[in-house]
Amino acid sequence: MSSGTGARPGPGGETPGAWRPAAPLAGGVAVEPALRAARDGGRKLLVPYVTGGLGPGWVDVLRAAVDAGADAVEVGLPFSDPVMDGPTIQEASLRALEAGATPAAILGSLASIELPVPVVAMTYYNLVLRAGHRRFAKLLVDGGVRGAIVPDLPLEELGDWGPAAEVGGVETVLLAAPVTPDDRLAELCERSHGFVYGVNLMGVTGERKSLSTSADVLAKRLKAVTDKPVIMGFGISNPEQAVAASVNADGVVVASALMRLVLGGASPAQVGDTVAAFRTALDKG
Amino acid sequence: MESQDDVEAQREEMTGTSSGPVRMGEPTADGRFGAFGGRYLPESLVPACQELEAAFRAAWAPDTDFRRRYRALLKDYAGRPTPLTDCERLSEALGVRVLLKREDLTHTGSHKINNVIGQGLLTLEMGKTRLVAETGAGQHGVASATAAALFGLECVVYMGEVDTERQELNVFRMKLLGAEVRPVGSGSRTLKDAVNEALRDWVASVETTHYCLGSVMGPHPYPWMVRELQRVVGDEARAQVRALLCGADPDLVVACVGGGSNAAGTFAGFVDTTARLVGVEAAGGSAIGRGVPGVLHGMRSYLLQDEWGQILEAQSISAGLDYPGIGPEHAYLADAGRATYEVAEDREVLEALQLLARTEGIIPALEPAHALAWLVRATRDGSVPAGSTVMLTLSGRGDKDAEQVMAALR
């Protein structure tokens, strides 16, 4: 409760128009206003991902990531069958589930802390459906989570969740893929809230040796049709790739590279150092 | 709060299950059978499913080249039509007349060949060069490897580690046919996880690869397409039964259900008759009996899951029925009351398998032995009246299971 907005150091805070943390609202920080403000301040956005319930210290990992300069954080609500995830997130999800992680427990932990940046849940649709759409939206907001990424819910299937999320105060972030045709891309950007998630590559999450060539093409296409924040993810493995991926986009999601550290036994401080390295690289450009 | 969600949930249950004759036609434009089905897929795969739907729709129109090639291959390559066997000694033992639709006599030994010949041809039409497939018992894997060889396609089959162990012979057959078999060590290491891995492969390879899904499950258009490619089973059986019964239909039509492709193909031929339709699931994998509506592998259907929506592992002696879900059209047929879904236990399945072997000289696969096991019980407890005529689809032959059955009976 005590960690206020001041706890967050802001590298590059001297630059004119630098990002200012949004004041925490009851029930968390709204996603899009905070990200727009940060972007419009000339900052590249950094969104680290942490699997909820992975180890007893996962909340400390999340805090470390925020303190190291995250503009928003993604919290995974683990699902037994994560088809869009590669080996690292699969393993993280499995371990969290084996430790008894549930959406209620994860969101309960989040409700007891206060973070100065938006928190976005990443999960699969069956968890939403099982809880009930309105109840799930309320669970999120009660946990201070104001955004949701549901990768197996494409445009055509948004019907039940979309309105429930909107009424409940949850911004649903849609994913755009390299194969998404132009007309569909425009509709997707229109209906995405919080930001637009650009999927760098055709494949699942997980670290890659190099950034896919499709990343830059998609980033440019997205920026041409939307002024919502465009954040690229999948396969961002090191600060150099993060810088490259955000040249034509507004920022990046970093997930497997961090979860690999956690699975390997890294401390929250060590994860924080890695996030800080991404932050520094992005600020240098 | 709770009650509102209950209302919401109930409303969702009701959608599309209004009264009127139940048909097995095309799903709605968004791929729904009543409240079930749909296309719950990552954006990366949506264009591929749209392309597949368009390709299948064009191919499946009346009098297309595709239809002619498909029919010719089913006849000259797969050995169709398969016979309908009037089982005298089994009928005498059960007190009902049993007619078996002999899918065990097709090339590769199960109904799975009907589907892969269709999907293999479609792969060529779409200009793709590689197939990925999931398999449980290995029958769909073998069928996919067969189609890949026939059409000159590369083939990768994902199979849970538990299943590669209990179906070693089928793994070898796939390799002989030139396919690569990739054991899946994640999750429950069975069919469900093989589907996950096949989907993960497909996301990364969709430009050159067709996902040759083996059952009436997954995202639209698969449940519809696979049922259409399997309806030859039901269409043939209906004509054969009528020829045998001087124009009459059977009282009862029975088939086993994992994802439910042989049952869907069978039911499609009888849905507009007065025959009672019964699908038989493994007791440890009964999605209709113990499942709750949910979304997995691109479809909304009944699923075995916990209170938070985590998918539970199915348990069965039969690798082919070890799936925690069921095809969405079966969920619809169950809700609409047109078909009922029963279960069979491992023990009675082994008994039924031996009964058929000894009375008719036919060793069935463990999967259709479930259908037979339920029939045996139902004739004994009177829920199928003596003197009824029963059409049962014998979806595959038992060679693949011989070793496992030997171990179980020891």
Side-chain angles (χ1 to χ4, degrees), chain A residues 77-87 90-91 93-94 97 101-106 123-136 138-139 150-157 159-160 164 174-181 184-185 188 197-199 201-206 234, chain B residues 1-2 4-9 11-12 15 29-31 38-51 185-188 192-193 195-207 219-220 292-300 303 305-313 324-325:
Chain A
L77 303 178
F79 178 48
S80 54
D81 295 81
V83 292
M84 271 304 267
D85 287 303
Q90 283 177 46
E91 175 71 20
S93 302
L94 185 69
L97 289 172
T102 64
I106 292 165
T123 195
Y124 287 83
Y125 183 53
N126 200 47
L127 269 62
V128 179
L129 185 60
R130 188 73 172 104
H133 296 101
R134 273 172 268 175
R135 179 163 160 243
F136 194 80
K138 186 171 189 310
L139 276 171
V150 190
D152 56 348
L153 209 53
L155 281 177
E156 292 78 5
E157 302 292 356
D160 290 326
L174 301 184
L175 291 86
V179 292
T180 306
R184 196 175 162 86
L185 203 70
L188 197 150
Y197 193 134
V199 177
L201 49 85
M202 291 301 290
V204 295
T205 62
F234 284 48
Chain B
M1 195 65 218
E2 284 291 341
Q4 243 181 1
D5 273 292
D6 289 345
V7 170
E8 183 188 24
R11 182 185 57 74
E12 286 173 7
T15 313
D30 58 354
R39 185 180 282 155
Y40 297 90
L41 270 192
E43 176 65 20
S44 303
L45 291 176
V46 170
C49 279
Q50 291 171 336
E51 179 198 6
S186 59
S188 59
K192 157 179 95 77
D193 309 282
V195 177
N196 289 339
E197 277 311 308
L199 283 167
R200 289 179 186 125
D201 182 312
W202 198 33
V203 178
S205 62
V206 66
E207 208 178 312
H220 181 53
V292 175
V295 166
L296 178 70
H297 297 151
M299 65 179 177
R300 189 176 194 279
L303 301 173
Q305 55 180 311
D306 73 9
E307 60 177 317
W308 289 107
Q310 309 297 349
I311 306 305
L312 301 175
E313 295 173 17

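We name chains A, B, ... by the order of the sequence lines, and we start the count at 1 in each one. Predicted, not measured: the structure shown is a model, and the values here were computed from it.
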Quiz item: Looking at A:M202, A:E157, A:E156, which has the largest count of heavy-atom pairs under 4.5 Å with chain B?
Solution: A:E157
Quiz item: Under a 4.5 Å heavy-atom cut-off, does chain B meet the side chain of A:L77, its backbone, both or neither?
Solution: neither
Quiz item: B:E313 versus chain A, heavy atoms under 4.5 Å apart: side chain, backbone, both or neither?
Solution: neither
Quiz item: Among B:V195, B:L41, B:L296, B:N196, which residue meets the side chain to side chain contact (heavy atoms under 4.5 Å, CB included) test with A:V83?
Solution: B:N196
Self-check item: Approximate separation, where rounding is to 0.5 Å, of B:R300 CZ and A:Y125 OH
Solution: 6.5 Å
Quiz item: In terms of heavy-atom pairs under 4.5 Å, which option from A:P78, A:P178, A:G86, A:P103 contacts chain B the most?
Solution: A:P103
Exercise. Scan A:L97, A:T102, A:N126 and name whichever one has a side chain to side chain contact (heavy atoms under 4.5 Å, CB included) with B:Q310.
Key: A:L97
Quiz item: Does any heavy atom of chain A fall under 4.5 Å from the side chain of B:L312, the backbone, both, or neither of them?
Solution: neither
Quiz item: Which atoms form the tightest heavy-atom contact between B:E307 and A:R130, and what is the distance?
Solution: O-CG, 3.4 Å
Quiz prompt | Side chain A:S80, main chain B:I311, donor-acceptor under 3.5 Å | solution = yes
Practice problem: Calculate, to the nearest 0.5 Å, the distance between atoms CG and OG belonging to A:D81 and B:S186 respectively. | Solution: 8.5 Å
Quiz item: CD/B:E197 to CD/A:Q90 distance, rounded to the nearest 0.5 angstrom?
Solution: 5.5 Å
Quiz item: Is chain A contacted by the side chain of B:P47, its backbone, both, or neither, given a heavy-atom distance below 4.5 Å?
Solution: side chain
Practice problem: Against chain B, work out which of A:T180, A:L153, A:L174 has the most heavy-atom pairs shorter than 4.5 Å and name it. | Solution: A:T180
Self-check item: Under 4.5 Å from any heavy atom of chain B - which part of A:L127
Solution: both
Exercise. Look at B:G298, B:S44, B:G31 and state which one has the largest set of heavy-atom pairs under 4.5 Å with chain A.
Key: B:S44
Self-check item: chain B interface, residue from A:V128, A:V150, A:D85 that has the most non-hydrogen pairs under 4.5 Å
Solution: A:D85
Quiz item: Tell me, side chain or backbone of B:D193 under 4.5 Å from chain A's heavy atoms, or both, or neither?
Solution: side chain
Practice problem: Select, from B:E207, B:H297, B:R39, the one with the greatest count of heavy-atom pairs under 4.5 Å involving chain A. | Solution: B:R39
Practice problem: State the CD-CG distance between B:E43 and A:L175, to the nearest 0.5 angstrom. | Solution: 8.0 Å
Quiz item: What residue, out of A:P82, A:P181, A:A176, A:P87, has the most heavy-atom pairs lying under 4.5 Å from chain B?
Solution: A:P82
Quiz item: Is it the side chain or the backbone of A:L185 that comes within 4.5 Å of chain B heavy atoms, both, or neither?
Solution: neither
Self-check item: Heavy-atom closest pair, residues A:L139 and B:W308
Solution: CD1-CZ3, 4.3 Å
